[in-house]
Amino acid sequence: MKSIQMVNLVSQYEKIQTEVDQKILEVVRSSQYINGPEVKSFSEELSRFLGVKHVIPCANGTDALQIAMMALGLKPGDEVITASFTYIATVEVIGLLGLVPVLVEVDPETFNLDVNAFEAAITEKTKAVVPVHLYGQCANMEEILRVAKKHDLKVIEDAAQAIDATYTFSNGDAVKAGCMGDVGTTSFFPSKNLGCYGDGGAVFTNNDELAISIRQIANHGQTVRYHHENIGVNSRLDSLQAAVLRIKLGHLKEYTEARQFAAAYYDEAFKNETGLLTPKRDAKSSHVFHQYTIKTRGQIGMRCKIF
Ligand SMILES: Cc1ncc(COP(=O)(O)O)c(C=O)c1O
């Protein structure tokens, strides 16, 4: 049997090698390694791609969540509702900031936040909700935003696994993952759909005031150099990563389509396999298949031949 690597970053690199090698040399020779022109250009290009006003790059997706929560002014003791089924980072930062994580069930078919469970968990201490667009498909944002508005809660979308997924609201508005709530976050970890060659992340928002605060927090609480107005963190994307991301952003549509093609292929290959449940597609969200996740039921035969 042929073994298939879950993520083959080398073969992806080989396809863009000339561009990447040349750009990396350019950045090294420029000596502008932190917050240089590459970072600015990447942030503008990603902002155009996503259709969101502000993209603030930072050091990784975990920091992006932390910075977002700090910028929203969440205080120790505030309750933050999120999915019980997510990557550790989502909950870790809630705990790190002294906030209280309230974990609620996910929909067993989409693995995303169950809206009824979310609403039932709201108390007078609840200040925010963090829907996670797990595996590359958006959570039920229309309902999450409705409930959040009703209870005056901030919405922080964890879009680490869902860059380029699109959610379509009932009025026909189509919005990218991470760009629907007060603030959205993502990760550029190498194996992510848009991954760099180290750590990286970003925060998205359409709110100008919040963007200033996010930028400030990500850079030691300063807007003007050495004028530290707030407590911040040191969380910046370096220029080499931004340069790689700019190149890969140019290929993101093609990467997404390749993932969707592979997912359709798996669906077909598994369709007669009664022991397997293939990923459910939500009619309102495109799926960018950060992961193609199957569920098993009873004993699985090995009848399906993939390659
Ligand atoms: C859902 C989710 N949130 C947050 C993160 C954190 O991102 P990073 O590894 O860049 O800190 C990840 C990374 O795997 C993730 O999958």
Side-chain angles (χ1 to χ4, degrees), residues 6-7 9 39 42-43 46 55-72 80-97 99 101 103-107 110-114 118 128-141 144 155-165 167 176-181 183-204 214 217-218 233-238 240-242 244-245 248-249 252 256 259 279 282 285 287-293:
M6 185 140 160
V7 188
L9 293 173
V39 178
F42 169 62
S43 126
L46 186 57
V55 167
I56 300 112
C58 64
N60 55 67
T62 309
D63 278 6
L65 284 161
Q66 180 180 336
I67 293 164
M69 289 179 201
M70 288 170 75
L72 287 169
V80 178
I81 297 177
T82 193
S84 55
F85 189 58
T86 178
Y87 180 62
I88 180 73
T90 323
V91 184
E92 190 176 34
V93 295
I94 299 174
L96 191 72
L97 293 173
L99 310 168
L103 305 182
V104 302
E105 288 298 338
V106 295
D107 176 319
T110 61
F111 307 110
N112 282 328
L113 202 67
D114 178 309
F118 157 43
V129 59
V130 187
V132 182
H133 305 312
L134 205 70
Y135 300 141
Q137 185 167 237
C138 295
N140 184 350
M141 287 307 291
I144 291 170
V155 179
I156 304 155
E157 296 173 69
D158 182 345
Q161 302 190 3
I163 197 130
D164 196 25
Y167 185 87
K176 291 285 187 199
C179 309
M180 296 172 261
V183 53
T185 65
T186 202
S187 161
F188 304 124
F189 184 78
S191 61
K192 289 289 189 289
N193 292 27
L194 178 63
C196 53
Y197 294 164
D199 272 312
V203 188
F204 315 138
I214 292 165
I217 290 168
V233 293
N234 175 13
S235 185
R236 299 173 293 218
L237 183 71
D238 66 62
L240 284 169
Q241 303 308 340
V244 170
L245 286 166
K248 285 189 151 194
L249 180 60
L252 184 57
T256 300
R259 285 172 183 274
D282 187 324
S285 175
H287 201 320
V288 296
F289 292 99
H290 174 57
Q291 290 181 30
Y292 181 95
T293 310

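Only this structure's heavy atoms are used, side chains among them; waters, hydrogens and symmetry mates stay out. Order of listing sets the numbers, starting from 1, for every ligand and every atom in it. Position 1 is the first residue of the sequence, and the numbers go up from there.
- Taking a 4.0 Å cut-off on heavy atoms, His133 fails to register as neighbouring ligand 1.
- With a heavy-atom cut-off of 4.0 Å, Val132 touches ligand 1 through its side chain alone.
- Contact atoms of ligand 1 toward Ala89: 4 (C), 5 (C), 6 (C) (distance under 4.0 Å to a heavy atom of the residue).
- Under the 3.5 Å distance criterion, with hydrogens and angles disregarded, no donor-acceptor pair is assigned to the side chains of Thr110 and Asp282.
- Listed by atom number, the atoms of ligand 1 under 4.0 Å from Gln161 heavy atoms are 1 (C), 16 (O).
- Residues meeting the side-chain contact (heavy atoms from CB on, under 4.5 Å) test with Ser187, sequence neighbours left out: Ala160, Phe189, Lys192.
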Q: Could you give me the CA-CA distance, side-chain angles and deciding distance for Met180 and Tyr167, then say whether side-chain contact (heavy atoms from CB on, under 4.5 Å) is met?
A: CA-CA 9 Å; Met180 296 172 261; Tyr167 185 87; 3.6 Å; yes

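- The backbone and the side chain of Thr62 each have at least one atom closer than 4.0 Å to an atom of ligand 1 (non-hydrogen atoms only).
- The contact set between ligand 1 and Lys192, taken as ligand atoms under 4.0 Å from a residue heavy atom, comprises 12 (C), 13 (C), 14 (O), 16 (O).
- For residues 56-71, the set of pairs meeting the side chain to side chain donor-acceptor pair (under 3.5 Å) definition, not counting sequence neighbours, comprises Asp63-Ser235.
- A distance of 9.0 Å separates CZ in Arg259 from CD in Gln291, rounded to the nearest 0.5 Å.
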**Q.** Chi angles and distances behind the side-chain contact (heavy atoms from CB on, under 4.5 Å) call for Val106, Leu134
**A.** CA-CA 10 Å; Val106 295; Leu134 205 70; over 6 Å; no

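- Shortest contact from atom 3 (N) of ligand 1 to any protein heavy atom: Asp158 OD2, 2.7 Å.
- Aromatic ring pairs are classed by plane angle as parallel below 30°, tilted from 30° to 60° and perpendicular above 60°; the pair Phe85 and Phe111 is tilted.
- Ranked by closest heavy atom to atom 7 (O) of ligand 1, the top entry among Cys58, Ala162, Ser187 is Ser187.
- Residue-ligand proximity, Gly61 to ligand 1, at heavy-atom distances under 4.0 Å covers atoms 6 (C), 7 (O), 8 (P), 10 (O), 11 (O).
- With respect to atom 12 (C) of ligand 1, the closest heavy atom belonging to the protein is Tyr87 CD2, 3.3 Å.
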